[in-house]
Amino acid sequence: SPARPTEQPQDTCSSCGSRAPERDFLEAVKRHILSRLQLRQRPNITHAVPKAAMVTALRKLHAGKVREDGRVEIPSLDGHATPGPDLQEQSSEIISFAETDDLTASRVRLAFMISNEGNQNLFVFQANLWLYLKLLPYSSGKGSRRKVRVKVHFQEPDNSSRWNLVDKKVDLKRSAWHTFPLTAAVRELFEKRERRLNLEVQCEGCEDYAVVPVYVEPGEESHRPFLVVRARQADNRHRIRKR
Amino acid sequence: GLECDGRTSLCCRQQFYIDFRLIGWNDWIIAPSGYYGNYCEGSCPAYLAGVPGSASSFHTAVVNQYRMRGLNPGAVNSCCIPTKLSTMSMLYFDDEYNIVKRDVPNMIVEECGCA
């Protein structure tokens with residue numbers, strides 16, 4: 001508290017009594033936020049991400065509820081959401097939207113830019129590709145069940161070699177989102193400090209059943225493929241707790 | 001923990017809300033819309049320092065250990081510090097236009113006390 005003119009200011013610790021000017025304080029808070037997010041500076045945003053793509057991706061996340069003020073509510077074992085002030089680990093989820101450079105009828109190449117810059121201690125514990133498989137209106141000729149096979153290949157950035165990551169049979173009854181696990185591939189990418197993940201997606205049987213995997217199309221922003229990466233600080237990977 | 005209300009000079013929690021729109025950060029931070037950059041301020045008289053329950057923290061325990069050994073760090077002064085912090089979850093765009101959701105522990109000061 002400010003001392004009266006006749007009084008000597010109280011001898012207190014550095015955090016007591018003195019309030020920094022608001023503008024300086026604001027700058028300090030900004031630096032604090034950036035440092036906690038492990039960012040050197042605020043990201044430079046020059047264009048907006050299509051809202052439809054963003055909304056769809058966010059709806060697909062299964063994270064704890066986030067309050068208006070940013071505090072996290074973590075579902076407890078009894079199913080009730082409780083405030084989570086004791087969340088010890090810093091966890092991250094990264095949603096990356098696909099870009100495409102090569103599209104043929106049977107296979108497509110998707111590229112994701114998932115930079116680990118600034119967050120170089122992240123350990124990936126889950127990564128999934130989300131792909132929307134759409135049934136065309138005239139695809140009802142071959143019974144109600146349509147079994148297709150989706151293969152996801154990983155492509156080396158520096159050469160043309162590729163290997164199979166996922167081979168999944170999908171039983172389709174209607175148009176829907178499907179996930180394809182890519183944890184090992186994304187973990188390796190982060191460990192190598194690379195930024196670009198090149199995938200080749202192939203759908204066997206899609207043409208027969210009039211099933212269309214939706215890739216990057218202007219009119220289909222809400223069905224644009226995306227990658228969800230869940231990670232935590234790598235230092236905590238082998239943590240031993242004693243309480 | 002006390003809330004600062006302008007009437008007390010004792011250690012209390014001062015609320016400080018920053019609206020991301022006002023600082024032009026709403027273009028890259030999707031949620032939340034602002035940050036409670038709360039902080040602790042106020043005096044810590046000797047009778048408040050290290051009182052169990054009012055501010056039992058790691059710092060209090062250390063200072064009490066010193067006192068028990070006849071040492072007296074910092075004379076009678078104690079510090080007004082955060083004694084309860086909470087996690088904040090942020091959703092934002094990075095430089096690659098990916099959406100990042102990050103749970104950052106110890107981001108919001110919930111309570112202050114003397115240690």
Side-chain angles (χ1 to χ4, degrees), chain A residues 1 10-19 22 25-26 28-30 32-33 36-39 42-45 47-49 54 57-58 61 63-64 66-72 74 83-97 112-115 117-119 195 226-227 229, chain B residues 6 8-11 14 16-18 20 22-25 27-37 39-45 74-82 84-108 110 112 114-115:
Chain A
S1 61
Q10 284 188 333
D11 183 20
T12 56
C13 67
S14 58
S15 71
C16 301
S18 59
R19 187 192 288 196
E22 193 151 297
F25 190 77
L26 195 63
V29 171
K30 284 162 115 176
H32 173 65
I33 294 172
R36 295 305 303 275
L37 297 177
Q38 292 168 309
L39 297 170
R42 53 153 292 166
N44 186 22
I45 306 295
H47 66 269
V49 171
M54 197 171 95
L58 293 177
L61 287 180
V66 180
R67 290 183 186 175
E68 186 73 13
D69 62 4
R71 282 182 291 178
V72 191
I74 300 160
D86 296 327
L87 192 71
Q88 293 296 314
E89 287 181 323
Q90 182 161 323
S91 62
S92 298
E93 286 171 18
I94 302 164
I95 304 174
S96 183
F97 294 100
F112 296 91
M113 298 294 282
I114 35 176
S115 167
E117 194 181 351
N119 314 318
R195 299 170 71 193
F226 59 90
L227 185 72
V229 179
Chain B
T8 178
S9 63
L10 292 176
C11 176
Q14 182 70 52
F16 186 83
Y17 183 72
I18 296 158
F20 290 140
L22 298 181
I23 59 170
W25 276 19
D27 61 339
W28 69 279
I29 298 178
I30 305 163
S33 52
Y35 170 55
Y36 283 95
Y39 56 95
C40 301
E41 68 170 2
S43 60
C44 280
V76 293
N77 299 325
S78 64
C79 264
C80 180
I81 56 154
K84 192 177 171 192
L85 296 151
S86 65
T87 297
M88 180 179 173
S89 189
M90 295 187 73
L91 202 63
Y92 59 94
F93 289 112
D94 67 7
D95 278 321
E96 314 282 4
Y97 288 87
N98 300 319
I99 299 173
V100 180
K101 175 181 171 288
R102 181 163 274 212
D103 302 322
V104 194
N106 303 331
M107 264 303 263
I108 301 171
E110 297 285 355
C112 298
C114 295

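Order of the sequence lines sets the chain letters (A, B, ...), proteins ahead of strands, with each chain counted from 1.
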Nearest 0.5 Å please: distance from the [atom1] atom of [X] over to the [atom2] atom of [Y].
X: A/H32; Y: B/Y39; atom1: NE2; atom2: OH; result: 14.5 Å
X: A/L37; Y: B/M88; atom1: CG; atom2: CE; result: 8.5 Å
X: A/R42; Y: B/I29; atom1: CZ; atom2: CD1; result: 8.5 Å

Within the 4.5 Å heavy-atom criterion, are [X] and [Y] side-chain neighbours or not?
X: A/I33; Y: B/Y92; value: no
X: B/I99; Y: A/F226; value: no
X: B/M90; Y: A/S92; value: no
X: A/K30; Y: B/I18; value: no

For B/Y97, give me all partners under ring-ring contact (aromatic ring centres under 6.0 Å, His included), at least two apart in sequence or on another chain. A/H47
I'd like to know if the side chain of [X] and the backbone of [Y] have a donor-acceptor N/O pair within less than 3.5 Å.
X: B/R102; Y: A/I94; answer: no
X: B/D95; Y: A/N44; answer: yes
X: B/D94; Y: A/P43; answer: no

Applying side-chain contact (heavy atoms from CB on, under 4.5 Å), name anything that partners B/L22, two or more places apart in sequence or on another chain. B/D19
